[in-house]
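Encoded as structure tokens, the structure appears first; notes follow it.
Since the model is a prediction, treat every value here as computed from it, not as a measurement. In what follows, every heavy atom counts, from backbone to side chain, and hydrogens, waters and symmetry copies are set aside. Order of the sequence lines sets the chain letters (A, B, ...), proteins ahead of strands, with each chain counted from 1.
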Amino acid sequence: MAERVRITLTLNGRQRTFEVPPGRRLLDLLRDDAGLIGTKEGCGAGECGACMVLLDGEPVTSCLVLAASCDGATVVTVEGLGGAPGALHPFQRALLAAGGVQCGFCTPGIAVTGSSIVDRNERDPAEQARLLAGNLCRCTGYTKVLEALAAAQEAGHAEP
Amino acid sequence: MPNREQHRRAGAAAAATHGRAKDRQSGFGAGERGHGPLGGRHPRPDAAAKVAGSARYVADLALPGMLHAAVAVARVASARVRSVDLEAARAASDVEAVLGAADVVGENSIGVVFPDQQLLVTDRVRMVGDRLALVAARTPEAAWAAAALVGADVEELPGVHDPVAAVAADAPAVHEGGNLLRTFLVRRGAVRPAARRAAVVVEAEYRVGGQEHAYLEPQGCLAIPEGRERVVIVASCQCPFYIQQGVARVLGLPLAAVRVEQAPTGGGFGGKEDYPTELAACAALLAWHTSRPVRLIYPRELDMQASSKRHAVIVRHRWGADRDGHLLFAEVESFYDAGAYAGLSTVVAERGNVSAIGPYSVPSIDVRTHVVYTNNLFGGAFRGFGAPQVTFAAEATMDALASRLGLDPIEFRRRNVLDEHRRTTCTGQRLRPPVLARECLERAAAAAGWTKRRGAVTVDGHWRQGIGVALVQYGCNLHHGGQRLDRSSAVVILQPDGSVIVRVGLTEMGQGNLVACQTIAAQALGVDPSVVQVWQPDTTTVADSGPTVASRGAHMSGLAILDAVWRLRRRLDPVAAELLACASAEVELRGGFASVRGKPRRRVSVAQVAAEMAARRIEPISNGFTRSSIRRFDPSTGRGAPYEFYAMACHIARVAVDAELGLVRLEEVTAAHDVGRIIHRDALEGQIQGGVVQGMGWAISERLALESGRLLNPSFTDYVIPTAADVPHVTAIIIEGETAAGPYGAKGVGEPSLIPTAAAVRNAVCHALGVEINELPLTPPVLVAALGQRHPLAWVLAGSDPGAGTPETSAALTPAQR
Amino acid sequence: MDLAVEQVLRPRDLDEALDLLAAQPEARPLAGGTDLVVQLRAGRSRAAVLINLGALGLAGIDDRPDGALAIGAGTTMAAIACDPRIRTRHPALAAAAGLVGAWPIQCRATLGGNLANASPAADTVPALLVADARIELATSGARRQLPLDQFFRGPGATALDRGELILSIVLPPPPSGRVVERFAKVGPRPQQIIAVVSLAGRAVVVSGGRLTEVRLALGAVAPTPVRARRAEAVLERATPGPGTHRAAITAIQADIAPIDDVRAPARYRRLAAAVLLERFLEACRG
């Protein structure tokens with residue numbers, strides 16, 4: 001029987017401890033152990049970006065991250081982008097205003113990556129598109145998502 | 001026994017209801033603008049939850065005691081099955097049930113049109129992905145591990161993997177009766193004499209590849225049994241009613257005992273029209289046997305291999321025109337690769353059949369459309385539904401004819417396109433004005449700067465520019481052959497506080513059906529959209545409304561909603577009239593108020609009226625229903641009215657091509673669309689932008705690599721769809737028309753937004769390169785091969801250095817023909 | 001779904017890691033996981049035991065006293081792509097790192113992982129080869145260094161001994177003079193793609209436009225990334241001109257051995273390799 005692994009991480013601002021099987025991916029820890037279903041599985045191979053979370057401040061595909069390698073890490077999921085329960089990051093607000101949400105399955109992942117691009121103050125549209133290339137979307141054709149990115153940059157950074 | 005008179009009266013009443021529905025939508029002010037949410041950009045009601053990550057898709061739903069399902073599938077495309085061994089799987093840890101074909105309690109049959117497909121195979125495997133057994137286990141890992149232990153003793157048989165080869169007499173038969181399932185025709189005039197008069201004739205064979213939907217959310221469903229007498233299915237799907245029918249058949253239950261709720265669905269594009277029924281039947285069977293809820297989610301690789309695909313089609317053309325550039329005749333023979341089972345292939349081919357010519361006037365036509373069984377991927381519904389493939393061919397041939405005549409491609413189309421004066425289609429249907437194909441063409445051409453850009457191929461470093469055009473005439477809603485499905489049901493319930501519940505049978509899969517329904521209901525009731533709540537479809541709340549396909553969602557939901565609101569107002573208006581001391585006929589609903597027409601200050605809030613209705617116990621719930629009109633169409637000749645009405649569109653694509661490497665960058669698409677009426681501007685733009693990019697992917701990078709029916713690239717790694725870094729600039733030109741059959745005059749845009757894109761891209765690439773390429777996708781190896789000896793480094797492949805040659809190698813590419 | 005892994009060891013430093021590996025040589029080292037996890041899930045690899053390398057301090061880019069640059073095996077692609085020293089001295093490597101997958105993959109994927117995975121299409125390797133990179137390896141008993149072009153044995157196969165870990169890649173200082181260095185990657189879309197062909201080139205341009213210290217390396221056209229030594233020899237100090245270019249393009253065809261696969265046919269790879277070489281030579285003329 002596989003021995004379980006104990007992990008403590010800061011998840012959406014709160015310290016949480018989990019005991020999980022060694023083969024558990026961060027994605028499944030978030031969805032099944034922490035009950036945060038906002039992060040989605042689209043491919044399981046790190047290609048589609050639906051499982052994007054911020055790990056120690058950087059966007060990563062959580063389907064490729066073993067929970068066991070996250071001890072002591074800081075993780076932010078789509079639910080925590082706004083900083084407080086129910087709050088939204090400026091990029092999330094911009095996505096809504098721009099009409100950049102259709103089926104919504106890619107949206108949490110795009111919200112995570114997009115918020116990261118805004119927080120880094122990346123203003124060049126071509127570079128913004130390049131940074132977003134790891135988030136596949138099949139519905140929107142990306143135009144309104146990129147418009148939301150530009151609008152969020154204009155609006156400035158996260159308000160308290 | 002009801003007598004004929006009762007039948008006649010029922011029919012007349014039904015016809016009157018339908019007629020009133022059409023009147024009603026114009027009675028709601030089809031021409032009125034300037035008030036209400038129609039045509040605006042208010043926030044989509046489902047967007048906030050999605051952005052916050054709180055929308056629950058199937059994989060986000062779990063119930064106590066729920067089991068996880070897995071499917072054991074065949075890995076070869078053609079085989080005789082001697083036996084299937086379930087024992088090893090049954091003995092695996094955490095497994096609750098393993099089921100084979102013998103365990104199907106109802107009918108082991110799943111085909112949506114033809115009864116040629118089993119849920120679990122008994123003696124023949126006909127495609128990779130055919131189901132051998134089902135597993136339910138306590139964890140998904142255990143379920144899929146057990147599925148891998150299912151053993152099948154099979155004897156591989158020769159398979160057939162090309163639809164043209166498959167119709168040969170000696171081809172291995174996929175089913176008894178041979179591989180040619182159906183042939184559809186369009187016949188008009190006389191081709192042979194017309195051909196003799198032609199000044200130019202183009203003969204070509206187009207090999208058009210299929211496409212994977214690549215919705216971000218994989219297929220999945222949850223089956224919840226209520227004993228063995230009833231079952232609830234929660235599914236990621238486009239047609240809950242298909243699922244209801246399929247599950248009822250597999251479990252041997254009456255339809256009313258199967259309840260299907262559509263979960264928020266992460267993309268469909270046609271791939272979730274009929275295929276979800278297969279998963280639902282699997283999950284329902286496991287739930288029936290185990291008495292536990294069962295959830296089945298397909299891993300991406302299995303989804304890509306086994307679920308339905310856009311049909312690969314071989315299209316053969318012989319078209320001709322006279323010296324003045326008028327089309328004289330068009331011969332088309334298409335072979336649709338249906339895969340192993342009919343599925344929806346005949347329905348797809350019916351649309352392709354009548355779409356083979358495009359919006360052009362051609363006096364003599366001979367179209368033959370064959371649906372062919374092979375052991376390849378399962379062909380099914382995909383945005384465009386047979387039209388994109390024949391449009392690709394038609395628009396390529398149009399460019400080839402134009403070139404041989406020395407005419408600009410748009411000028412050639414001008415001379416042939418349907419318009420107000422020349423509005424008889426290839427099936428002999430006279431279109432109702434306005435016929436906006438010419439307007440779409442002209443406005444797109446002007447906006448795209450066509451004349452300047454087509455005139456000369458500009459070169460910028462390694463990149464050569466090209467521009468190309470394509471048109472589509474899209475038949476909205478269901479083809480004549482599917483008329484019996486073309487109806488829609490709605491329920492509107494006015495709450496005592498003035499908020500409104502709306503239920504429809506058509507589904508939201510990202511395209512905006514929810515916001516369209518919300519908008520139409522709010523517009524009709526004169527209230528703010530925020531008080532209108534449209535809930536996900538549930539087969540126990542409305543009548544069968546058919547599938548959400550054919551760009552019919554907003555149209556059919558909208559008409560049914562308007563019908564429901566009209567009927568509700570027969571009870572609401574008198575109450576308002578009493579409160580306002582006026583006549584019922586003077587009551588107007590607008591801005592959240594019921595007011596007296598012409599005297600806007602005499603008003604009460606709609607909420608007050610609702611409260612009054614509740615206090616008086618006046619029925620606040622109302623049904624709505626709509627049906628398409630009955631049309632005459634002769635399938636044996638293809639003559640008549642296959643569709644009720646049409647939406648026209650023109651796409652102009654501007655590309656940059658790196659000829660030496662065969663790379664294509666789509667820089668800009670100008671998309672002109674005849675939409676009837678804008679319901680929600682963001683949703684409309686989103687559909688156009690999304691359709692263009694999905695069409696672009698099909699055009700240049702999405703290749704289904706098959707080997708003996710097995711998909712070699714069932715992952716996003718090697719099935720390459722566009723990313724945010726690939727996006728062209730999309731200019732949408734929205735043209736509204738005066739009359740149209742839909743709610744407030746709206747047509748549909750879901751499919752027209754994709755159909756002409758690949759054709760326009762191909763024409764642009766050919767302009768840039770000066771070669772004709774007759775296959776899709778236009779991947780780098782295809783482009784480079786098309787250049788052949790004209791590639792500046794072609795000598796590398798010849799294996800020898802040609803010695804002293806022209807130093808300016810890029811001039812070896814001839815300027816593109818006008 | 002959980003991966004079929006029975007144990008994840010989490011050593012706190014390099015020595016502990018090497019001892020664990022010596023005791024359990026079948027244990028698979030895990031860094032960013034962007035290749036390994038994909039393979040585990042697909043069943044292409046089986047690993048009952050993983051050794052997490054995250055705490056070993058192997059990330060970082062250091063200047064060595066001899067002017068070389070040492071990139072720790074645990075350094076991510078993102079860190080490599082944006083490091084100013086790499087962008088200045090080894091621009092091909094910076095470009096290649098910025099083309100591995102997409103941004104989120106670059107935040108996790110490590111240089112050591114890219115090398116250990118030994119894909120013939122590995123993006124960083126051609127760039128490292130033209131920089132004359134050396135690879136530093138360690139077991140619990142020993143350290144050694146190899147020229148990188150001796151590290152790859154075949155698809156997925158390396159010179160790593162049992163129980164051996166990659167420590168770092170060492171890049172000697174680039175040559176002086178007018179150095180032209182380029183990296184190009186060809187695929188059906190510009191981002192998030194496995195290379196169909198890639199080419200890194202570095203040369204010093206001397207009088208008359210002649211090239212010296214020519215280094216050419218390609219990916220995805222042979223069982224391992226390869227140095228195009230025949231083409232290099234043709235170009236080394238040769239008089240520039242169409243004849244030399246054609247000879248180099250012909251020579252490079254003998255340096256590569258592409259196959260047909262799901263991504264592209266061999267014919268296309270040969271043509272694309274020739275085009276990339278020609279464009280590198282164009283850049284040198286520039």
Shortest non-hydrogen contact from C/Gln24 toward C/Leu9: NE2-CD1, 3.5 Å
Less than 4.5 Å to any heavy atom of chain C: does that hold for the side chain of [X], its backbone, both, or neither?
| X | answer |
| --- | --- |
| A/Pro21 | side chain |
| A/Leu27 | neither |
| A/Leu131 | both |
| A/Leu55 | side chain |
| A/Cys43 | backbone |

Pairs of heavy atoms under 4.5 Å with chain C: top-ranked of A/Ser69, A/Gly46, A/Gly49: A/Ser69
Select, from A/Val20, A/Val65, A/Thr61, A/Asp32, the one with the greatest count of heavy-atom pairs under 4.5 Å involving chain C. A/Val65
Select, from C/Pro104, C/Ala55, C/Ala48, C/Gly98, the one with the greatest count of heavy-atom pairs under 4.5 Å involving chain A. C/Pro104
Among C/Leu58, C/Val100, C/Ile135, C/Ile169, find the one that has a side chain to side chain contact (heavy atoms under 4.5 Å, CB included) with C/Leu111. C/Ile169
Quick one: do the A/Ser116 and A/Arg120 side chains pair a donor with an acceptor below 3.5 Å? yes
Just by distance, with hydrogens left out, do C/Thr76 and C/Thr110 show a side-chain donor and acceptor under 3.5 Å apart? no
Side chain, backbone, both or neither: which part of [X] has an atom under 4.5 Å from a heavy atom of chain A?
| X | value |
| --- | --- |
| C/Leu40 | neither |
| C/Gln7 | both |
| C/Leu30 | side chain |

Is atom CZ of C/Arg279 surrounded by more than 12 heavy atoms (other residues, nucleotides or ligands) closer than 6.0 Å? yes
So does A/Glu154 have more than 12 non-hydrogen atoms from other groups sitting under 6.0 Å from CD? no
Closer than 4.0 angstrom, basic N to acidic O: yes or no for C/Arg269 and C/Asp261? yes
Test: A/Asp71 and A/Arg6 ion pair at under 4.0 Å: no
